Q: 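Here you go, one structure.
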Amino acid sequence: MKNIVILISGRGSNMQAILEARLPLTVAAVISNDPKAGGLATAQKHGIATRVVDHRAHANRAAFDTALSTEIDAFKPDLVVLAGFMRILTGDFVNRYRGRLINIHPSLLPSFTGLDTHRRALEAGVKVHGCTVHFVTPELDHGPIIIQAAIPVLESDSEDTLAARVLAEEHRIYSQALRWFCDGRLKITPQGTVTIIAARGAGSALVSPTFDS
Ligand code: GRF
């Protein structure tokens, strides 16, 4: 059985979705950079070991990353899962876990890297928005894409309503990505893209707004 460590910074709803998805894996620990992260209590309720590596207790990013990797490595994970982890990691940290570090980002990458993705999607007037699970590489939000979910942007959407619909899809696609990982079906190609071995056939196109009949 694969062993994972989940890193969080806040409420941890993606972490909770993973814990409740009955995946064929062991969550060895949940680690937060913020002692106040709500997700820590949720993890404890599920009987998962928790650790805090407070970034404010470290002089710089490199010192924080070293402390963080010491905690992670104690659990010998096959995969490190960033789930709303809001610290930018050093290249050294990312390279240490190359191919076994994944993240969820609330946009259809490569659009809207960084923060405030839902506000920026609304401002740009995109008609389709969504979320992405990807392997992490040193360039922020640019690693090989594993899975994406797209949702229509509605005329009536606010940042909050859009965020809520994207979040519901985040919870679905993160578990799917982890299931593929557990089954050994994720392969990074020499071109730096991801192949899902024996993935089901492509779905139909999503057009938004839809055609007039
Ligand atoms: C999610 O939207 C995630 O994609 C983003 O931050 C949010 C974290 O939510 N990076 P949660 O802590 O998993 O509830």
Side-chain angles (χ1 to χ4, degrees), residues 4-21 23 25 27 29-46 48 50-55 61 64-65 68 79-89 93-94 97 101-124 126 128-153 157-179 181 194:
I4 70 167
V5 165
I6 305 177
L7 305 192
I8 63 168
S9 295
R11 72 190 155 181
S13 72
N14 276 290
M15 174 210 72
Q16 185 172 359
I18 292 166
L19 294 180
E20 291 173 358
L23 297 166
L25 53 76
V27 180
V30 169
I31 305 177
S32 173
N33 64 296
D34 183 349
K36 296 205 179 99
L40 288 169
T42 310
Q44 283 157 8
K45 269 189 220 139
H46 282 79
I48 310 288
T50 58
R51 300 283 184 275
V52 173
V53 182
D54 191 337
H55 61 281
R61 202 182 280 171
F64 168 70
D65 283 6
L68 183 60
L79 190 71
V80 179
V81 175
L82 306 182
F85 185 69
M86 302 306 281
R87 306 302 299 172
I88 294 178
L89 297 159
F93 181 97
V94 171
Y97 300 102
L101 178 61
I102 64 175
N103 181 45
I104 188 145
H105 182 77
S107 79
L108 290 172
L109 292 174
S111 292
F112 309 119
T113 61
L115 297 173
D116 300 322
T117 54
H118 308 306
R119 178 177 58 71
R120 288 157 57 213
L122 287 173
E123 282 169 6
V126 295
V128 177
H129 184 46
C131 48
T132 303
V133 177
H134 65 97
F135 283 103
V136 177
T137 54
E139 193 179 354
L140 186 70
D141 299 331
H142 271 83
I145 291 172
I146 298 168
I147 184 170
Q148 297 183 298
I151 59 156
V153 179
D157 263 327
S158 66
E159 216 176 313
D160 287 347
T161 60
L162 190 55
R165 291 209 313 290
V166 170
L167 189 66
E169 298 307 316
E170 291 184 41
H171 296 164
R172 296 176 62 221
I173 66 170
Y174 223 168
S175 293
Q176 176 63 77
L178 289 172
R179 202 175 290 280
F181 174 78
V194 173

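Remember, predicted model here, so these are calculated numbers, not experimental data. Order of listing sets the numbers, starting from 1, for every ligand and every atom in it.
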Q: Would you call L68 and F85 a side-chain contact if the rule is heavy atoms closer than 4.5 Å?
A: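 A side-chain contact under 4.5 Å exists here.
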Q: Where do H129 and H118 land on the ring pair (Phe, Tyr, Trp, His ring centres under 6.0 Å) test, with the steps shown first?
A: CA-CA 8 Å; H129 184 46; H118 308 306; 5.1 Å; yes
Q: Can you name the one residue among H171, M15, H46 that meets side-chain contact (heavy atoms from CB on, under 4.5 Å) with E20?
A: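 With E20 as partner, side-chain contact (heavy atoms from CB on, under 4.5 Å) holds for just one option, H46.
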Q: Flag yes if more than 12 heavy atoms outside R172 fall under 6.0 Å of its CZ atom; otherwise flag no.
A: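 Open.
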Q: Atoms of ligand 1 less than 4.0 Å from G84 heavy atoms?
A: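 Going through ligand 1 atom by atom, the ones under 4.0 Å from G84 are 6 (O), 8 (C), 10 (N).
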Q: Any heavy atom of I8 sitting closer than 4.0 Å to ligand 1?
A: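 Checking ligand 1 against I8, which is what was asked, there is no heavy-atom contact under 4.0 Å.
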Q: Just distances here: any N/O of N14 and N/O of ligand 1 closer than 3.5 Å?
A: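 Yes, at least one N or O pair falls under 3.5 Å.
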Q: Looking at E170, which atoms of ligand 1 are within less than 4.0 Å of one of its heavy atoms?
A: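 Near E170, the atoms of ligand 1 are 1 (C), 2 (O), 3 (C), 4 (O).
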Q: Regarding T113 and H142, is there a side-chain donor-to-acceptor distance under 3.5 Å anywhere?
A: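 No, no side-chain donor-acceptor pair sits under 3.5 Å.
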Q: G12 heavy atoms, cut-off 4.0 Å: which ligand 1 atoms fall inside?
A: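 By the 4.0 Å cutoff, the relevant atoms are 11 (P), 12 (O), 13 (O), 14 (O).
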Q: Could you identify the single nearest non-hydrogen protein atom to atom 9 (O) of ligand 1 and state the distance to 0.1 Å?
A: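 Looking only at protein heavy atoms, the one closest to atom 9 (O) of ligand 1 is R11 NH2, 3.2 Å.
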